[in-house]
Amino acid sequence: MELRQLSYFVKVIELRSFTKAAEVLRISQPAIGEQIKNLEAELKANLLVRHSRGVEPTETGRIFFNKARTILEYVAEARNAVRDYEEGLRGQVTLGLTPGLSEAISASAIERCSRDYPGISINVIEDLSSSLLARISKASEGISFAVISGYDLAKAQNITATRLFEENLYAVGSPKVIGKTTDPIDFSELAQYRLILLGNGSGAPHGLKAQMNKLAEGNSIPLSISHEIQAVSVVKQLAEREIGVAVLPLDSVRDGVSQGRLSARRIVSPAVTRELNLVWNTDRTLSAAEETIRDVVHQMILDSHPSLISKRPA
């Protein structure tokens, strides 16, 4: 017994006609008739009755029709399950990214995932690390995973963290202000500029402002932090307009640097670095789609992030 025999038989009964079934299946009528004859021979039973109005199933045929249709439905479900697994997972994934990282990878990540996993809908939430971590801590917030920076997560509750790497931060400004050069800049030289940082002015202990002030105090260097702004695009505009010098990861300003609108100089002596971690809620079971996109984003960051210091595992 073959699946095509079941398929032909079910279609003939559904349409009550060999002619119509042949048209729908795009197979010759004699071919359908031959396969159903073979089916009846194997079952040793008459399944159909032909008459002037078309075709009717016998009582045996009616019973067989119901079973055959169920078998075909199960086969279709099995094929769909394999297709979904092999050709594309389905579902919705919400990821959180910090402004600098979002600027660098959001479009590329969505483009790649849309191509490789068209059945997955991706939402991106752009926010500061403190806000993203607070939302990840609450399973009810619905964020699948996030990439955050600047946090020691060793004692974090209900958070699973995978360390990605440490990234260097750069002094970013107009070439007229910090020079048309890629040479490193000493931390002490930042004292001569008005600094613009990513932040929301909350004074969070894990924020970039707190980190900069701690380094400044430890090295007896006076800093002038004039603005904290949450949008990386605005920070870059202010730096380009010579309002001040921004402190940003290199990947968020590559376009401006390549076009000559901005210069980016790695901060050294001491270096200003931020540890990036991929985090998700331990109490929330990730779907297959969420795990897949998490792994894709993880690998994309490691593969395409030239400003990293190390790739040591967590």
Side-chain angles (χ1 to χ4, degrees), residues 98-101 103-104 128-130 132-133 147-156 161-175 177-230 232 235-236 238-239 242-254 256-257 262-279 301-302 305-314:
T98 55
L101 191 59
E103 182 93 0
L128 298 180
S129 293
S130 56
L132 291 175
L133 186 60
V147 181
I148 66 172
S149 63
Y151 277 81
D152 180 5
L153 298 168
K155 297 181 180 179
T162 296
R163 183 184 185 281
L164 298 173
F165 53 78
E166 260 186 322
E167 67 175 351
N168 290 295
L169 296 188
Y170 286 65
V172 177
S174 164
V177 175
I178 64 171
K180 193 175 183 179
T181 177
T182 59
D183 292 342
I185 185 171
D186 283 355
F187 189 91
S188 60
E189 293 183 59
L190 299 180
Q192 62 186 299
Y193 304 115
R194 300 177 68 193
L195 300 181
I196 306 168
L197 307 181
L198 279 173
N200 59 9
S202 65
H206 295 285
L208 180 57
K209 182 177 181 180
Q211 180 183 1
M212 295 287 290
N213 283 334
K214 184 176 181 180
L215 288 173
E217 291 170 8
N219 291 276
S220 302
I221 298 170
L223 292 182
S224 173
I225 298 175
S226 59
H227 303 291
E228 278 189 283
I229 298 170
Q230 195 161 335
V232 67
V235 173
K236 292 192 296 183
L238 293 176
E242 304 178 14
I243 304 300
V245 171
V247 177
L248 292 167
L250 179 60
D251 286 323
S252 64
V253 296
R254 285 191 178 276
V257 172
L262 291 169
S263 289
R265 303 176 63 184
R266 181 165 58 88
I267 303 170
V268 297
S269 302
V272 181
T273 64
R274 303 282 278 173
E275 182 174 287
L276 269 70
N277 286 276
L278 179 65
V279 300
I301 293 173
L302 294 183
H305 216 283
S307 62
L308 57 86
I309 292 176
S310 65
K311 290 186 182 179
R312 298 190 308 271

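Everything numeric here is computed off the predicted structure, so don't read it as measured data.
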Find the distance between CD (Gln192) and CD1 (Ile178) and round it off to the nearest 0.5 Å. 10.0 Å

Just verifying a value: how many Å separate Leu276 CG and Ile301 CD1, rounded to the nearest 0.5 Å? 7.0 Å

Grab the two heavy atoms, one from Val279 and one from Ala161, that are nearest each other, plus how far apart they are. CG1-CB, 3.9 Å

List the atom of Ala171, the atom of Leu190, and the distance in Å for their closest heavy-atom pair. CB-CD2, 4.0 Å

Please confirm whether the backbone N or O of Leu195 pairs with a side-chain atom of Ser226, one donor and one acceptor, at under 3.5 Å? yes

Under 3.5 Å, side chain of Glu217 to main-chain N/O of Lys214, donor-acceptor pair present? no

Report the residues that fulfil side-chain hydrogen bond (donor to acceptor under 3.5 Å, both in side chains) with Arg274, sequence neighbours left out, ordered by chain and then residue number. Gln211

Is there a side chain to side chain contact (heavy atoms under 4.5 Å, CB included) between Val253 and Lys236 once you walk through the steps? CA-CA 8 Å; Val253 296; Lys236 292 192 296 183; 3.5 Å; yes

What one should report as the nearest heavy-atom pair of Ile196 and Ala239 is CD1-N, 4.3 Å

Ile221 CD1 to Phe187 CZ distance, which is reported to the nearest 0.5 Å: 5.5 Å

Minimum heavy-atom distance between Val232 and Leu248, given as atom pair plus value: CG2-CD2, 3.9 Å

Counting N and O atoms only, with roles assigned by atom type, does the side chain of Ser129 sit under 3.5 Å from a partner on the main chain of Ser149, one being a donor and the other an acceptor? yes

Taking atom CD of Gln230 and atom OG1 of Thr98, what is their separation to the nearest 0.5 Å? 11.0 Å

Check step by step if side chain to side chain contact (heavy atoms under 4.5 Å, CB included) holds for Val172 and Val257. CA-CA 9 Å; Val172 177; Val257 172; 5.7 Å; no

Can you tell which of Val245, Leu223, Val247 makes a side chain to side chain contact (heavy atoms under 4.5 Å, CB included) with Tyr193? Val245

First locate atom CG of Leu208, then atom CG of Leu197, and finally report the distance between them rounded to the nearest 0.5 Å. 4.5 Å

Residues forming a side-chain hydrogen bond (donor to acceptor under 3.5 Å, both in side chains) with Ser224, sequence neighbours excluded: none

Heavy-atom closest contact (Pro249 atom, Leu169 atom, distance): N-CD2, 3.7 Å

Quick check for you: to the nearest 0.5 Å, what is the distance between Ser263 atom OG and Ile185 atom CD1? 10.5 Å

For Arg265 and Asp183, the nearest pair of non-hydrogen atoms, with its separation, is NE-O, 2.9 Å

